[in-house]
Amino acid sequence: MAQFRFVTLLCISSLLIGLCFSADPYVFYDWDISYITASPLGAKQQVIAINGQFPGPIVNVTTNNNLVVNVVNNLDEPLLITWDGIQHRRNSWQDGVLGTNCPIPVGWNWTYQFQVKDQIGSFFYFPSLNFQRAAGGYGGIIVNNRAVIAVPFGQPDGDISLFIGDWYNSNHTDLRKALEDGKDLGMPDGVLINGKGPYRYNTTLVPAGIDYETINVQPGRTYRIRVHNVGVSTSLNFRIQNHNLLLVETEGSYTVQQNYTNLDIHVGQSYSFLVTMDQNASSDYYIVASARFVNETLWTRVTGVAILHYSNSKGAAAGPLPDAPNDFYDKYFSMNQARSIRWNVSAGAARPNPQGSFKYGQINVTDVYVLKNKPPVVINGKRRTTLSGISYSAPKTPLRLADQFNLTGIYELDFPTRPLIGSPRIGTSIINGTYKGFMEVIFQNNDTTIQSYHMDGYAFFVVGMDYGEWTENSRGTYNKWDGVARCTTQVFPGAWTAVLVSLDNVGVWNIRAENLDTWYLGQEVYVKIVNPEKTNKTELPMPDNALFCGALAHLQKPQNHSTSSASSVVSGRAKLLFAPALLLATISILF
Ligand SMILES: *[C@@H]1O[C@H](CO)[C@@H](O)[C@H](O)[C@H]1NC(C)=O
Ligand SMILES: *[C@@H]1O[C@H](CO)[C@@H](O)[C@H](O)[C@H]1NC(C)=O
Ligand SMILES: *[C@@H]1O[C@H](CO)[C@@H](O)[C@H](O)[C@H]1NC(C)=O
Ligand SMILES: *[C@@H]1O[C@H](CO)[C@@H](O)[C@H](O)[C@H]1NC(C)=O
Ligand SMILES: *[C@@H]1O[C@H](CO)[C@@H](O)[C@H](O)[C@H]1NC(C)=O
Ligand SMILES: *[C@@H]1O[C@H](CO)[C@@H](O)[C@H](O)[C@H]1NC(C)=O
Ligand SMILES: *[C@@H]1O[C@H](CO)[C@@H](O)[C@H](O)[C@H]1NC(C)=O
Ligand SMILES: *[C@@H]1O[C@H](CO)[C@@H](O)[C@H](O)[C@H]1NC(C)=O
Ligand SMILES: *[C@@H]1O[C@H](CO)[C@@H](O)[C@H](O)[C@H]1NC(C)=O
Ligand SMILES: *[C@@H]1O[C@H](CO)[C@@H](O)[C@H](O)[C@H]1NC(C)=O
Ligand SMILES: *[C@@H]1O[C@H](CO)[C@@H](O)[C@H](O)[C@H]1NC(C)=O
Ligand SMILES: *[C@@H]1O[C@H](CO)[C@@H](O)[C@H](O)[C@H]1NC(C)=O
């Protein structure tokens with residue numbers, strides 16, 4: 001079903017070398033995004049599928065590949081797909097969030113085109129608007145290393161992706177209505193693993209007839225298992241009965257290799273583990289993702305269970321699930337686990353030089369922002385969430401487009417470096433980043449629930465986290481040597497997390513809560529990074545197919561729809577012709 005092709009294009013003229021990245025292969029996908037009916041927890045509902053699949057297809061590419069993803073919006077509401085963790089170097093035009101892109105109207109298609117430049121690792125994509133991720137539409141992104149780059153572990157015998165996430169039987173339109181009405185979402189109805197409900201490990205807790213995920217393995221083999229928390233808002237503890245999880249990578253960075261019996265995976269986070277099938281096959285084994293930091297007696301239903309099935313297994317998994325950490329009264333257990341995740345400074349990643357050759361601990365910070373999360377507040381009669389006292393309101397005209405057309409008054413470049421004192425407000429206030437600066441961001445969580453924060457366009461170094469209020473003295477505790485570089489970090493309630501980020505990627509980039517409820521109610525901001533030098537080398541030009549909306553809506557040309565669906569077969573020949581046309585378009589824009 002999914003159209004998928006490699007095309008290698010050669011530079012037409014040696015004059016183009018340097019500017020032209022066309023020697024890197026192109027990978028094409030055609031995606032039809034539509035609802036399908038599914039009953040992951042027993043109740044029938046509409047879920048968002050890609051080419052009929054839920055979760056969507058895995059984008060499996062290699063460092064520096066050029067991706068061309070043609071997305072057809074066959075939902076009943078506008079759509080954008082964002083590529084969490086893909087850095088879109090010099091190209092925030094393809095980021096798929098409201099600050100950079102106009103939504104793809106219902107029935108329209110839009111073609112994303114970007115290069116996965118200088119990165120490797122495990123990420124995922126999802127629909128970024130309107131709470132749609134709560135209905136699915138997500139899938140994995142695997143960026144493999146180029147053949148010339150050594151990987152710090154042997155070739156695994158298989159590569160398995162697991163999407164874990166809390167799930168509601170209410171659909172995303174009802175969920176966002178609840179939030180707009182000032183309500184909490186309440187306890188989820190369950191946890192899905194790869195779009196499926198729990199294995200019936202307990203006949204009282206799990207009704208009959210639920211389809212569950214089975215992972216088939218061979219005894220003695222070692223698999224790379226990539227786990228993504230794609231849920232709405234619940235932190236999950238991940239574990240596989242009787243099996244060690246050897247952590248090797250998180251969101252594009254190789255980690256120091258350590259075994260865990262279980263790991264807390266927060267909303268938006270991705271990890272790779274190597275798991276060796278070293279147990280006897282007397283039975284199948286449970287794969288568990290259970291709600292964290294909640295009263296588990298009350299939240300038993302919020303548990304995902306899949307099955308690890310050895311080819312020579314002698315029977316079904318039975319008995320109780322492996323234990324979750326019993327740390328209700330030990331708030332440091334999970335934080336210490338997070339702190340134990342370290343960067344492998346001697347491994348190469350996208351490039352052969354060691355990850356640690358970028359000595360982030362020796363770089364002077366140029367910009368410091370304390371971003372403070374507080375419990376939801378009522379502003380102008382609406383329940384909203386704030387960062388540093390400001391609840392983000394998305395303008396009708398994307399920020400990056402407004403800049404391109406010199407529109408003023410769309411946003412203010414005045415986001416405060418320290419939380420505002422006084423009444424919270426709703427506004428479109430963004431961070432003025434310093435190009436080539438080194439920014440320190442302290443996320444301070446004054447709420448009573450854990451949150452995760454994500455930054456588009458970048459990986460940041462997680463250098464510290466602790467309970468209490470961050471002060472300048474907290475810098476003394478920073479890990480200046482092997483803090484892991486990633487794109488999503490957890491911030492514990494009543495605690496802070498500090499990250500450092502090198503602002504070398506021009507564009508307008510989103511920082512947001514990954515917890516959908518918090519994000520939906522206003523907890524996000526953008527960082528604008530402009531190269532003060534007038535050059536067109538540090539940012540790609542606006543793409544030819546840019547959509548226009550808001551104050552620029554008059555520039556939008558109508559779109560013809562001969563067929564309503566991308567699943568109509570495009571012949572290989574047509575596609576091959578399409579590719580050089582694209583290349584020529586790129587060249588003509590660059591010159
Ligand atoms: C969500 O459910 C409501 C009923 O609770 C229904 O009216 C609405 O059409 C559904 N939306 C989608 C996208 O399925
Ligand atoms: C990704 O593609 C490579 C070939 O380029 C293949 O060897 C690998 O098995 C694929 N991985 C997945 C998870 O499909
Ligand atoms: C929509 O798809 C068609 C056919 O693949 C393509 O030619 C066109 O450029 C796409 N439109 C946009 C805006 O990406
Ligand atoms: C199933 O769950 C119920 C409710 O938590 C519990 O009382 C019962 O002991 C469990 N049954 C088994 C076989 O573990
Ligand atoms: C991790 O556990 C496996 C057994 O499951 C063991 O063989 C391996 O040596 C351990 N690795 C480390 C780094 O502790
Ligand atoms: C297989 O392993 C399980 C769990 O470690 C153990 O309880 C069981 O006795 C073992 N069976 C055999 C035949 O070794
Ligand atoms: C969890 O909830 C149960 C049932 O309400 C209650 O009895 C128990 O004390 C709670 N546990 C904790 C640790 O709060
Ligand atoms: C950082 O600042 C200090 C003091 O201002 C200066 O001595 C040092 O050279 C700077 N380091 C770098 C890498 O710029
Ligand atoms: C925006 O302003 C710049 C600098 O003044 C100018 O070069 C550019 O042509 C303007 N763009 C538009 C679309 O007016
Ligand atoms: C934004 O920062 C740049 C330097 O990085 C500065 O030149 C500019 O004046 C700042 N703009 C505002 C509105 O503060
Ligand atoms: C929130 O901030 C207030 C004022 O600094 C402090 O007293 C309170 O303990 C904080 N609560 C949490 C959960 O961080
Ligand atoms: C890019 O910059 C070069 C050199 O400054 C200039 O000649 C060229 O016209 C620019 N191209 C575009 C599309 O602005």
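Order of appearance sets the numbers: ligands from 1, and atoms from 1 within every ligand. In this chain, residues are counted from 1 in sequence order. Being a predicted model, the structure only gives us computed values, none of them experimental.
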Next on the checklist: Out of all atoms in ligand 7, which are within 4.0 Å of some heavy atom of Asn295? Include the element for each.
Outcome noted: 1 (C), 2 (O), 3 (C), 8 (C), 10 (C), 11 (N), 12 (C), 14 (O)
Checklist entry - Does even one non-hydrogen atom of Ile142 get within less than 4.0 Å of ligand 2? => result yes
Next on the checklist: Tell me whether Asn60 has any N or O atom under 3.5 angstrom from an N or O of ligand 2.
Outcome noted: yes
Item to check | Ligand-residue contact atoms, ligand 7 with Leu298, heavy atoms, under 4.0 Å | outcome: 2 (O), 4 (C), 5 (O)
Item to check | Electrostatic pair Arg292:Asp327 at N-O distance under 4.0 angstrom | outcome: yes
Next on the checklist: Between Thr63 (side chain only) and Gln119 (backbone N and O only), is there a donor and an acceptor less than 3.5 Å apart?
Outcome noted: yes
Next on the checklist: Name the residue from Arg89, Arg146, Arg351 that meets the salt bridge (Lys or Arg N to Asp or Glu O under 4.0 Å) definition with Asp118.
Outcome noted: Arg351
Next on the checklist: Between Arg239 and Pro322 (side chain of the first, backbone of the second, donor and acceptor by atom type, cut-off under 3.5 Å), is there such a pair?
Outcome noted: yes
Next on the checklist: Please report the interatomic distance CG(Asp367) to CD(Glu440), rounded to the nearest 0.5 Å.
Outcome noted: 10.0 Å
Item to check | Element-labelled atoms of ligand 7 that are located less than 4.0 Å from some non-hydrogen atom of Tyr329 | outcome: 13 (C)
Next on the checklist: Which of the numbered atoms in ligand 7 are under 4.0 angstrom from any heavy atom belonging to Phe328?
Outcome noted: 13 (C)
Item to check | Aromatic ring pairing Phe273/Phe238, orientation class (parallel under 30°, perpendicular over 60°, tilted between) | outcome: parallel
Next on the checklist: Once you measure the plane-to-plane angle for Trp83 and Tyr112, does it fall in the parallel (<30°), tilted (30-60°) or perpendicular (>60°) bin?
Outcome noted: perpendicular
Item to check | For ligand 11, the residues whose heavy atoms come within less than 4.0 Å (ordered by chain, then number) | outcome: Asn445, Asn446, Asp447, Glu469, Gly494
Checklist entry - Counting only N and O atoms by type, is there a donor-acceptor contact under 3.5 Å from the side chain of Arg383 to the main-chain atoms of Val378? => result no
Item to check | Backbone of Thr385 reached by a side-chain donor or acceptor of Gln523 within 3.5 Å | outcome: no
Checklist entry - Does ligand 7 have an atom that lies less than 4.0 angstrom from a heavy atom of Trp299? => result no
